[in-house]
Trainee: 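Structure incoming, see below.
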2 protein chains.
Amino acid sequence: MRIVSWNVNGLRACAGKGFADWLAGAEADVVGLQEVRARPDQLDAALARPEGWHVHANPAERPGYSGVTLFSRQPPSAVHTSLGDAAFDVEGRYQEAHLGDLVVVNAYFPNGNGKNRDLSRIPYKLDFYRAVFDRLEPARAAGRPVLVMGDFNTAHRPIDLARPKDNEKTSGFRPEEREELDRWLRSGWTDTFRHVHGDTEGAYTWWSQRGGCRERNVGWRIDYVLASPGALEILTDAFIHPHVAGSDHCPIGVALNL
Amino acid sequence: MRIVSWNVNGLRACAGKGFADWLAGAEADVVGLQEVRARPDQLDAALARPEGWHVHANPAERPGYSGVTLFSRQPPSAVHTSLGDAAFDVEGRYQEAHLGDLVVVNAYFPNGNGKNRDLSRIPYKLDFYRAVFDRLEPARAAGRPVLVMGDFNTAHRPIDLARPKDNEKTSGFRPEEREELDRWLRSGWTDTFRHVHGDTEGAYTWWSQRGGCRERNVGWRIDYVLASPGALEILTDAFIHPHVAGSDHCPIGVALNL
DNA sequence: CCTGATAAG
DNA sequence: CTTAGCAGG
């Protein structure tokens, strides 16, 4: 079973850059999208209800903002979207799909930058991390296979971005944000890409749209699939697909023996 | 004395298209701008405090929206911006400058189109017309010279737009909007351009930005200088300058024997 | 920087 | 069709 995550940075724009072809060729069983930035009724039918997929959308209330969508070949037995806090729920950032024994979470973790390009959204971002962590703690501790995929908006270690020194005060690589990821890993979650590929350098999932960044691979690894111990047992692969165009992020994913 | 009105559709954008050169060559004593769409602190000093002019700005509270500004060679003895209703005042649509005996009003009358491209802002628009009318009624009736210049967002008669038949249900040429202008003229105000030029055809002040409209002169006359009886006595000219670029509106104005 | 999407005209 | 704000990272 292959599970893929992609921050599409506007599914309508991405659709015009070949999203449908990518989906058809992705050989995926589950696809989680972040930053869809559209309600289902704003999408073409081919995208809102693609042939051969079950689709669950969780758009934000604010038009054109945030939003996650999950495509799965098999119908989930349940999909939950609430973290129990309206401040999170209105922004369309969370989906938790139950596929047999497996729990697949598709999440769009908040950006820490606030309105005046300040750091005012970092508390909200860290609270979101904790809300997801707390919600999954019983399942993880019970040994159930759980995957958390999505745009975490944080590079974990210096190896995870091209310019660590320049960005120690930038949201996305600040100590308090990195510490939140540390806490997840200390608590038993595994960064599947690092688990499979070790300290491979230059493995990024997002590049600034400023001219030349992607061509020169000046990027950040901020999209992850984290695995619970129960999910790690059946993990067979983890990958980043940096050459897929259509967004400022690229698709990432895992394969499971399932 | 020459008095000029121009809806600049964003003074910052207009500045990049030669606004300063136009102002220097306009041979104007008073210039009223509408849709400035910037607070003074967002403008270059050369624009916010141009050499040789007194400047009064009345920006909207909402950033990047509406806003009127008045340049005058002589300092006004007073400038009023309130119509006594916060619903109008917060949108930066009104300035009334006292220049000796003369009262010059610079007004940006509301567009009637609402949020979903419906007609929901027409009541607000008509209320604004009445608020300005009521505020000026004592001065007009007393015979004082008063000019009301600006973007009225209404074409008065079929001759005032290229496609009258197609636009009878469009905000800007609906009966209830035209009736409001009729009422002003019945009450003693004069449309200075028509007073000077009679039924000249093809005299427009705004053209849709859709390709070809301006080149083919498919436009609307929605910017006016209205004169009270006291001002009409000293009126010597009225003009439209359709070839001035920089906005989707063009400058208009009057000359007074003053 | 530079792009996506809304709001307004 | 265009200006401008907002947001992303």
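Per chain, numbering begins at 1; letters A, B, ... match sequence-line order.
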Trainee: Of all residues at least two apart in sequence or in a different chain, which pass the side-chain contact (heavy atoms from CB on, under 4.5 Å) check with A:Glu61?
Mentor: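 If we apply the side-chain contact (heavy atoms from CB on, under 4.5 Å) test to A:Glu61, skipping adjacent residues, the hits are A:Val90.
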
Trainee: Please name all residues satisfying ring pair (Phe, Tyr, Trp, His ring centres under 6.0 Å) with A:Tyr224, sequence neighbours left out, ordered by chain then number.
Mentor: A:Phe152

Trainee: Could you give the CD1-to-P distance, from B:Ile122 to C:dG9, as a whole number of Å?
Mentor: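 These atoms are roughly 12 Å apart.
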
Trainee: Touch check for A:Gly112, heavy atoms < 4.0 angstrom, all strands: base, sugar-phosphate only, or nothing?
Mentor: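 Here A:Gly112 touches no strand at all.
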
Trainee: If you look only at pairs with a residue in residues 5-26 of chain A, which of them pass as a salt bridge (Lys or Arg N to Asp or Glu O under 4.0 Å), with sequence neighbours excluded?
Mentor: none

Trainee: Heavy atoms under 4.0 Å, any strand shown: does B:Lys17 hit a base, just sugar-phosphate, or nothing?
Mentor: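 Result for B:Lys17 = sugar-phosphate.
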
Trainee: Using a 4.0 Å heavy-atom cut-off to protein, can you give one letter per nucleotide of nucleotides 4-9 of chain D, 5' to 3': B if the base is in contact, S if only the sugar-phosphate is, - if neither?
Mentor: SSSBBB

Trainee: Run the side-chain contact (heavy atoms from CB on, under 4.5 Å) test against A:Arg130 and tell me which residues pass, sequence neighbours left out.
Mentor: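 Counting only residues at least two positions away or on another chain, A:Arg130 forms a side-chain contact (heavy atoms from CB on, under 4.5 Å) with A:Leu126, A:Asp127, A:Glu180, A:Arg183.
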
Trainee: What pair of heavy atoms forms the shortest contact from A:Tyr124 to A:Pro110, and how long is it?
Mentor: CE2-CG, 3.5 Å

Trainee: Roughly, in whole Å, what's the span from CD in B:Gln34 to C1' in C:dA8?
Mentor: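 Interatomic distance, CD of B:Gln34 to C1' of C:dA8: 16 Å.
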
Trainee: Tell me, please, which residues at least two apart from B:Ser247 pass side-chain contact (heavy atoms from CB on, under 4.5 Å).
Mentor: B:Trp6, B:Asn7, B:Asn9, B:His249

